[in-house]
Amino acid sequence: MRNWYMMALVGKDRPGIVAEVTEALFAAGGVLGEASMMRLGSNFTIMMMVEIEGDEKQLCEALQPVTERLELHLHLDSIDPGLHQHQIPDLRVLVYGADRPGIVAQVTGALAESGFDITDLDSQVGGDSEKPIYVLMIEGVASAGVEVTHQALEPLSESVDFRVEEIETLIG
Amino acid sequence: MEILTYPDAHLKQQCAPVETFDNELRQFVTELEAFMRTQPGGIGIAAPQVGRAERVCIIDLTGMTRGKKKRPVPNQGRLILLNPEITEWDGYELGREGCMSVPDYTGNVIRATRINFTADDAFGKQHEYTSEGFEARAIQHEVDHLDGLLFLDRLVSRRTDLFQRK
């Protein structure tokens, strides 16, 4: 029986991680769905949908030689097959400011309260270690529109700068 | 008519110029436009999307609105464009695009914000046009189809360059 899993892999970044992991999955008869992979700090992270003939144990076994050799931590969750269910984001929010605890919680809390459904979030810490800055890019579906989203973030404007922008999608 | 979807090879071929402006062509244009208006979105279509490898496309942003406030999108109405040639490009802007021929996928594409172009009408008379903004984006998207290009060929990373709008 074929099953879908959400596979999370984390380890110290080095060249070849993606190639070796995906080759092991391919050799095991795995099919990849959507994936998001990126370097966070000095780590490489993989979030990927994988369909495989077999159960979690068999998937772990297929990956074990690679995860051991590359010292990757593996986490698997059984998921519903869910391809072809994209939401088209209609709003983009950029937030940046001097790094401090709580920025993400406050921003996303305000967004959630305004009915904003996040489809994509990407954040980075820039600046230098003395004066780090936090940059947050969020895309999502805003049920209430740009102005309501702007108003929801306004109370945070003393500590962060932000910009809210509509995303127009042309279907040609 | 039906919309061809990628990876149908017809979508990746260079289309031939329209050389005969006859009733058959005009009938095709009429049917193509009617078909376009039955499609979700329905603001533009190119002949290769229905399997005719000829340089014909139609754009009409009339009635289209932007955002929750439903602001109208500046446009010059229905444009039947035969043998369109973009002659000048100015500025650039990142925007999100999808395509009837690429279902369930949208992505970021950089397009010129203002274009000058020429095109023949259904009787073979050439006209000159200028277009800006969303309409210019739509025209660039449709003219790409005539050269066998999909917006997939012009995708840029969703993680970078997101805020380069003017």
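Residue numbers start from 1 in every chain, and the chains themselves are labelled A, B, ... in the order their sequence lines are given, proteins ahead of strands. It should be emphasised that the depicted structure is a prediction, and the values quoted were computed from it without experimental measurement. Any value given below was found using the heavy atoms of this structure, including those in side chains, with hydrogens, waters and symmetry copies removed.
Smallest separation of non-hydrogen atoms from B/T106 and A/I171: CG2-CD1, 4.4 Å. A pairwise comparison of heavy atoms in A/Q85 and B/D104 identifies N-OD2, 3.7 Å as the closest pair.
In this structure, A/R92 CZ and B/R96 CZ are separated by 7.5 Å, a value rounded to the nearest 0.5 Å. From A/I167, atom CD1 reaches atom CG of B/N108 across 7.5 Å, with rounding to the nearest 0.5 Å.
Residue-environment remark: OH (B/Y6) stays at or below the threshold of 12 foreign heavy atoms within 6.0 Å. Other residues, nucleotides and ligands place no more than 12 heavy atoms under 6.0 Å from the OH atom of A/Y96.
In the hydrophobic clustering of this structure, A/M7 groups with A/F44; members are Ile, Leu, Val, Met, Phe, Trp, Tyr whose side-chain heavy atoms approach within less than 4.5 Å, directly or through other members. In the hydrophobic clustering of this structure, A/V31 does not group with A/V66; members are Ile, Leu, Val, Met, Phe, Trp, Tyr whose side-chain heavy atoms approach within less than 4.5 Å, directly or through other members.
A/E53 is linked by a side-chain contact (heavy atoms from CB on, under 4.5 Å) to A/R2, counting only residues two or more places apart in sequence or in another chain.
Looking at B/Q39, neither its backbone nor its side chain comes within 4.5 Å of chain A, counting heavy atoms on both sides. Looking at A/E147, only its side chain comes within 4.5 Å of chain B, counting heavy atoms on both sides. Contact of B/E142 with chain A is made through the side chain alone, with heavy-atom distances under 4.5 Å.
A distance-only check finds no donor-acceptor pair linking the side chain of A/H86 to the backbone of B/Y105 [under 3.5 Å].
Sorted by first and then second residue, the side chain to side chain donor-acceptor pair (under 3.5 Å) pairs involving residues 97-110 of chain A (not counting sequence neighbours) are A/R100-A/Q106, A/R100-A/S159.
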